[in-house]
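Encoded as structure tokens, the structure appears first; notes follow it.
Keep in mind it's a predicted model, so treat the numbers as computed, not measured. Each chain gets a letter, A, B and so on, in the order its sequence line appears, and its residues count up from 1.
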Amino acid sequence: MIFYEVAVNAPIANTLTYKYSGPAIDIGHAVLVPLGRRKVTGYVLDRIEEDEQQDKGFVVKAVERVLSGDPVFPRELIPLYRWLSSYYHYPIGEVLFTALPAAPSAKSGIYAKLIPGCEEKLSTFAGVEETFPEVVLQLQQTRHLSHGMITRLRKSSNGRKLLSQLEKEQIIQFETEIITSRTQEKYQVVYGPSDSIAGLLSTDSSNEHGALQKWVEQTGLSLKPSELKTLGIVSELYRSLGTWVPKSAVQKQYKQSGRYLKSLVENNLLVQEESRVYRNPFGEPVDRKNTCTQQHTEEQRRVLEKILPAIAQGEFAPFLLHGVTGSGKTEIYLQAVQEALKAGKSALVLVPEIALATQMEEQFYTTFGDQLSLLHSGLTAGERLDQWHHLRQGSARVALGARSAVFAPLSDVGIIVVDEEHESAYKQDDGLRYHGRDVAVMRAKMAGCPVILGSATPSINSYANTTSGKYTLLSMEKRVSSRALPEVQIVDLSKGKRNRPDLFFSDQLIEAMNTTLERREQILLFVNRRGYSSSMICQDCGSIVQCRHCQVSMTRHRAKQKLLCHYCGFTLPVNILCQSCHSERVIGIGLGSERIEQEAEQLFPHARIARLDSDIASHRKKYLETLSAVRQGQIDILVGTQMIAKGLHFPGITLVGVIWADSGLAMPDYKASERVFSLLSQVTGRAGRGDKPGSVIIQTHQPHHYAVTCAQAHDYTGLVDKELPIRSLLNFPPFGRLVNIKFSGENEKLVEKAARKVNVFFMKHFTGGQIEQLGPAPSPLAKVKDQYRWQLLLKSSDYRILHAMVDSLQEHQSSLKLGNVKLSIDIDPENMM
DNA sequence: AGCACGCCGACT
DNA sequence: GTCGGCGTGCTC
């Protein structure tokens, strides 16, 4: 008998022990195990030798069965899973279910069996026939009660009564059955040559059909013309594909071929097999043009001289690559990955959550082809699983993807790259609240390999790690082919008269747009919000239309003719009465991408204008059409939100306008300045990447704010010099560490009470000046989806104290009696909303 | 999470 | 009396 350490799919902090008498189970397998009265999926994390398995005061149950054919994850990732569980204070089983794709899984439910020989007893059972005829019917017909039937019965008291009586009278017996078990592998039927004609199909004679016919005549086989035709198609496809031919591909050319394929197999000319289908994760076929590996710049060479030896060395080494937009960071990544592959290792590349196909994907695909596995957010569960298997089996050695790709099942990782490391999209904002970049660094540490964090505007945290000596700083300050950085002009929105005070366009911006359009060049307008008006205000009483379920203002969307809540999706008609005074005079204020698009149409009626925001991006086709239209110069003005600032390359754009730069500075967030700076820098970087120089106009109400002026001067260290003293004064990161304890529930009073209780608990058990408790207070978004939210922010220079506090809270959670209030813990919170 | 146990109010 | 409400606690 062998014992196993299993992480089960339930919110249980620790792993559980199970035994299994069958053949030894490898670490990493999915198993079905009993848990209480039910059966759940679990993952084997370790084997426990029998002599180590002392009596620990619980009865060890047996593994029900092994669910996976092969281990689902490489065992070298187990320490990372354990670290995630303890660092983010999240149950180990749920860590695994977050980190793994929808792999073999099973669940059980209760059903009831009719005890043999009880049919008579059943019919004499008082009252069943009248109240529950369907129960009698099901038992007679199938000799059991289904899970669905039992759940239905349990909803009524009479049903429950019936069930317990049937059990008491020994008519039925409850058992658990597996009700869902899914694997999303897709298979297809493929055909290949049998031994007898293998030689014939591999020859690349140009007169294929003739050769086949000749061969058939020689062997004296009597093939029908249709069979010969089918065989011809198969052989043609076999040669062009270079591999076995899917049945569907043959049938596409010849509809009736199914039956002939069958007879060809019977005649031992073709062999039929089932093969795993790997769905194509590239939405559209990507042009595999060769990127001419240009000469590296002096800076690139200097950076590579540091990184490449570290990869060959195979030791943990964190680098922060600070390179201005256009300095050629991607080339560094490509070289680094190549170096790792050369050393026989694999590579992991993380990019922020991006809507769809980007330059980065294209370049990696061009360079690494089938070696590359893409793990972006647009994949279906099935596609994701396919990519997982590719990596698992080593048929792909480079993984490129967003946040969750950090869990890619690569073994022997030689390099990890995190592009745009400052992006807050790396932070998962629910469930296991991990930071993709931080996990990447930890993974590199465990794997013993270098990690490159790249950014044009590094996070203050990472930058601080270079001055403290934890990371090595590598800088690239020049743009490839020494293109100049764009000229940036700041326009003060609060000063001076405007020709069009009704619009969000300053005179300077309008003029610059005019000259740009005259030169037949392209313009990008950047807006912070989608929609038309960011909120609706009543002109009589001044109240703002709020979502019924969330404490946020409703945004007007003109195209949809609706008011929309961006948090829960709740909609209202446009023509509503004021919620407090019932006035009809409710109008939109503030701006959104739709409105800017409309105003641009008014100002430049002859310009071709397009909009790109997440409303559009949800329509993949429309999104890609817009992208290519912009690239081909069919669009003069592109209006967009955040998503256009990232990773997209538009050579034709020479003017960038930022409509309202300081809107982000009002956020209740210690990172607001850092964010605004990096957003402005990114948008600014979109200008003039072609051979023409670019210019940028930033409209703002706070022209003297350092986030704005530093972005204007392309001065990253200037920002750091301003920002660090402020952070230091308030002991915010990188000086102090933060933990946000979040409370939520339907009952506002109870949520508040719970938050106060925890606050008191901490004050009692953790005294001394090393900890600061901010709050408890209602969250900046005090209500979302009918859930009231409070939070308690903990701050300390010593993260070990913070972890001790959270551990202690979780330990005493039940005795604190927080009632129905849900508690969730956010370690290193990125977003305080 | 799910599921059982157990302790109190409102019904036959 | 007991039925059924939900708060509390455990799962190898």
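- A/R37 has a side-chain polar atom (N or O) that falls below the 4.0 Å cut-off from OP1 or OP2 of B/dA4.
- No engagement by A/V8 is indicated, since no non-hydrogen atom pair under 4.0 Å with the nucleic acid exists.
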List, one per line, each side-chain donor-acceptor pair under 3.5 Å for residues 804-811 of chain A, sequence neighbours excluded.
unit_1	atom_1	unit_2	atom_2	d
A/D807	OD1	A/H89	ND1	3.2
A/Q810	NE2	A/H89	O	3.4

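- A/D798 has a carboxylate O that lies under 4.0 Å from a charged side-chain N of A/R800, or vice versa, which qualifies the two as a salt bridge.
- In this structure, A/R47 forms no cation-pi arrangement with A/Y4, as its terminal cationic atom is not both closer than 6.0 Å to the ring centre and no more than 45° off the ring axis.
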Distances for protein N/O vs nucleotides 5-11 of chain C N/O pairs under 3.5 angstrom?
unit_1	atom_1	unit_2	atom_2	d
C/dT11	O3'	A/G36	N	3.1

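- With rounding to whole Å, A/L32 atom CG is found 14 Å from C/dC12 atom C1'.
- Between A/F766 and A/F761, the ring center distance fails the sub-6.0 Å criterion.
- Salt-bridge formation is not detected for the pair A/E423/A/R437: no Lys NZ or Arg NE/NH1/NH2 atom is positioned less than 4.0 Å from an Asp or Glu carboxylate oxygen.
- With a cut-off of 3.5 Å on both pairing distances, the Watson-Crick and G-U wobble pairs of DNA chain B assemble into stems of 3 or more at B:1-11 with C:1-11.
- For A/E94, there are no salt bridge (Lys or Arg N to Asp or Glu O under 4.0 Å) partners two or more places apart in sequence or in a different chain.
- For A/D826, the salt bridge (Lys or Arg N to Asp or Glu O under 4.0 Å) criterion is met by A/K427, A/R433, not counting sequence neighbours.
- Listed by chain and number, the residues in a salt bridge (Lys or Arg N to Asp or Glu O under 4.0 Å) with A/R392 amount to none (sequence neighbours excluded).
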